Structures are given as structure tokens and as C-alpha cells.
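Input: a single structure, listed below in C-alpha cells.
One-based numbering along the sequence shown. Since the model is a prediction, treat every value here as computed from it, not as a measurement. Atom set for the values below is all heavy atoms of this structure, side chains included, hydrogens, waters and symmetry mates excluded.
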Amino acid sequence: MANINFQNAIQRKVQKTPPIWFMRQAGRYHKHYQNLRKDNSFDDLCKKPELAAQVALGPVLDFDFDVAILFSDILYPLQAIGMGLEYTDHGPKLAFSITPENIGCLKQGEEVVSFMNFQKEALQQTRALLPSNKSLIGFIGGPWTLFVYAVEGSHAGSLTESKKMISLFPEFLKKILPLLKENIRLQLAGGAEVVMIFDTAAGEVSPLDFQKWLQPALKELNSIAPGKIAYYSKGTQAAYFDLEFLNLPWAGMGFDHRWNLQKCFSLAKQGFVQGNFDQSLFFMEKPQFLEELRIYTENLKALSIEERAGWVCGLGHGVLPKTPEENIRSFVEIMRKAFA
């Protein structure tokens, strides 16, 4: 009950054809999602396991991706600890922002953990529907990214408020880390082969602050299930990742389109290397898009299959809304043919 190419990538086994998986592959660009969304709120699509499974399954069946991912949202742990959460046409909205005065009111305990059971059930139902040759992964938000949302309500801009209040981060971790640890265990018990940590706000801190503030919490999460936790951060560079971080038993690391992917295989010491075609290029006119894809492909084909062992073919970040489905389909077909 797994995709052999994805399992090979985790183990850094040499193979000609990489598995293909996109972040946000089950999202607003896809007609399958749009049809389900007509009759259901986003919250229902996430919290009703049978609907979450249908959303996750759609792009795997349509585009033949090798990996399905839990359909959910990184912010639900904030709702679990008592911050409220509403999804509006303008995005997610929390009931309040944390301050030194109210951070002590955030909840902990069994009730908080049991709130997240819907993700375990969604994974179980997704696995039941998936073809046996497809893999399934889960995810959580990075602690820093969740802190940024808890302080600012989004992670847009330079995060001045979050950085100004960074002295609250250790207190926030006391609340959120126990929940994230249990959430990882729930998702693995639900059938996830790997749980990915999505840290989209990580690139807004300096490398020194990454190592001081973020790395200890990430190391703690990694220890929950060595070899089954992966990490993706947006906007980071090589200077962020010291040897201690790189030598952790990661299942893999994701790299955005700002990286030269060829160099990432030697940087990441173990596990898969996921990325990193620029998702914005899907909006190009077809001939230009195909030319950009050809250049990207030729650069990777310049590596030997030994040098690119572990590659999970994907995007620099997630599929953007209104991305033409035709170009998604072309990408998968062309990459499979190029690396057959």
C-alpha cells in the first residue's frame, strides 16, 4: 500500500523515474475540488473525513500523481488550543491574536488532542480509497509559522509584530508543541507514511534566528518519529541549515524554486529532495511554458541517476489558484517521459 518510487526516494535508492507530488495539488485550481466546494464549506471539506478523502483523491486519479496528501489546513491546531477559526472569502480568521496578557489562556490536554481526530479519520478514509500503488502523507504547520498566524493573523509582510513579540515564542511552544507531537502520532496511526512540516514563514527570519528559535522545536518534532518526518520551508537558504539540522533523521526536505535543486542533493544528507519547478510558470503561454520545462528538465538530466537519487519531482511551492489544468497534465506526462 505505497508507491515504490516514493519509498525509494525516502531511502535515497537510485532510480530513473522520480515520484511526482505537488503541494496544494488538491485545491482551488482543480474542477474536482470546485465541484465539491459548490455544496460544501471549506471547513466541511477538511473536517468531514469522507469529503476530505474525496478531495485528496481527485488529483491523484485525474493527473496520476504518485502521492496523495491529507486534505486539511495547518491552522486547525490553533483552533484546538482555543483561538477560534473561521474561513471567509478573504482567508482564515482567528478570533483573537496572542499577547503577553492572554497567552496563558490557551488550552492544553486530552480535549485539545482529541479535537484533531478528524485528520486521522480523513487519512484512514483516503487510504481506503487510494489505489494501492499510491503513497499517502500527512502534514502539520511549523511552530514558527503557527506562531506568526497566532500573532498577526497571516504570514504576509516582514513579520514585524511576530519578531517584536518573539520573547513569547517559548511560552507558545509550551502550548503548541505537545499538540503537534500528538497530531503527528495521530496522522501516522491514520496511515500517513510521512508527516511533512510546512514552515512557510521560516524564510522571514535570519539564519541565526532560525537556528536559535526555530531549530530546537523542529528537532523535538523530528524526534517523535525519526525517518518519518519531512521538512519544507519557504524562502530559506543554505545558511539556515547547520550540520546538526541536516544530520537529523529527516524523511526528506522540500526546497522552493529559489534554490538550485542540483545542489540540494548534496546539501540534504538523507531522505528525499522535493521540488522545485516555479509554480508561476504554469501561467505562461503553452510554447513558453514547454520551453521553461525543457530547460528545467535538461538541467536535472545533466545529473547522473546516482546524483539525483532521492528526487521527488514537484513545485517550488503549491499549485496556485486558476492554474491551467492542461499544463499540470502536460507537466506530469513530460516528466514521466523525460525520466522513463
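Separation of the F210 and F245 ring centroids falls under the 6.0 Å cut-off. Remark: aromatic rings of F289 and F283 are distant, center separation not under 6.0 Å. Ring centroids of F277 and F282 are separated by less than 6.0 Å, placing the two rings close together. Two rings, from F22 and F63, have their centers 6.0 Å or more apart.
A chain of hydrophobic side-chain contacts below 4.5 Å, direct or via other Ile, Leu, Val, Met, Phe, Trp or Tyr residues, connects I334 to L315. By the criterion of side-chain heavy atoms lying less than 4.5 angstrom apart, applied directly or through intervening Ile, Leu, Val, Met, Phe, Trp or Tyr residues, L177 is grouped together with I229 in one hydrophobic cluster.
In this structure, the side chain to side chain contact (heavy atoms under 4.5 Å, CB included) partners of L246, at least two apart in sequence or on a different chain, are F241, M253, L267, K269. Judged as a side chain to side chain contact (heavy atoms under 4.5 Å, CB included), and not counting sequence neighbours, the contacts of K48 are D44, E50, L51.
Here the closest heavy-atom approach between residue A192 and residue I137 is recorded as CB-C, 4.1 Å.
Taking 4.0 Å as the cut-off between side-chain N and carboxylate O, R329 and D62 count as a salt-bridged pair. We find that K163 and E152 are not joined by a salt bridge, their nearest charged nitrogen and carboxylate oxygen being 4.0 Å or further apart.
One finds the SG atom of C313 at 3.5 Å from the CZ atom of F331 (value rounded to the nearest 0.5 Å).
Between the side chain of W311 and the backbone N or O of T17 there is no donor-acceptor pair closer than 3.5 Å. Side chain of Q34 to backbone of R28: a donor-acceptor contact under 3.5 angstrom is found. A distance-only check finds no donor-acceptor pair linking the side chain of N133 to the backbone of N3 [under 3.5 Å]. Between the side chain of T145 and the backbone N or O of T200, at least one donor-acceptor pair lies under 3.5 Å. Counting only distance, with no hydrogens or angles, the side chain of E307 and the backbone of S304 share a donor-acceptor pair below 3.5 Å.
Ring pair F172/F169 is parallel by interplanar angle, where below 30° counts as parallel and above 60° as perpendicular. Using cut-offs of 30° and 60° on the angle between ring planes, the pair H155 and Y149 is perpendicular.
Applying ring-ring contact (aromatic ring centres under 6.0 Å, His included) to F139 and the options W21, Y231, Y76, F198 leaves one that passes, F198.
Q11 and Q270 are not linked by any side-chain donor-acceptor pair at a separation below 3.5 angstrom, with hydrogens and angles left out of the test. A side-chain donor from one of D242 and Q215 sits under 3.5 Å from a side-chain acceptor of the other.
Residues L146 and P143 fail the side-chain proximity criterion, which asks for heavy atoms closer than 4.5 Å.
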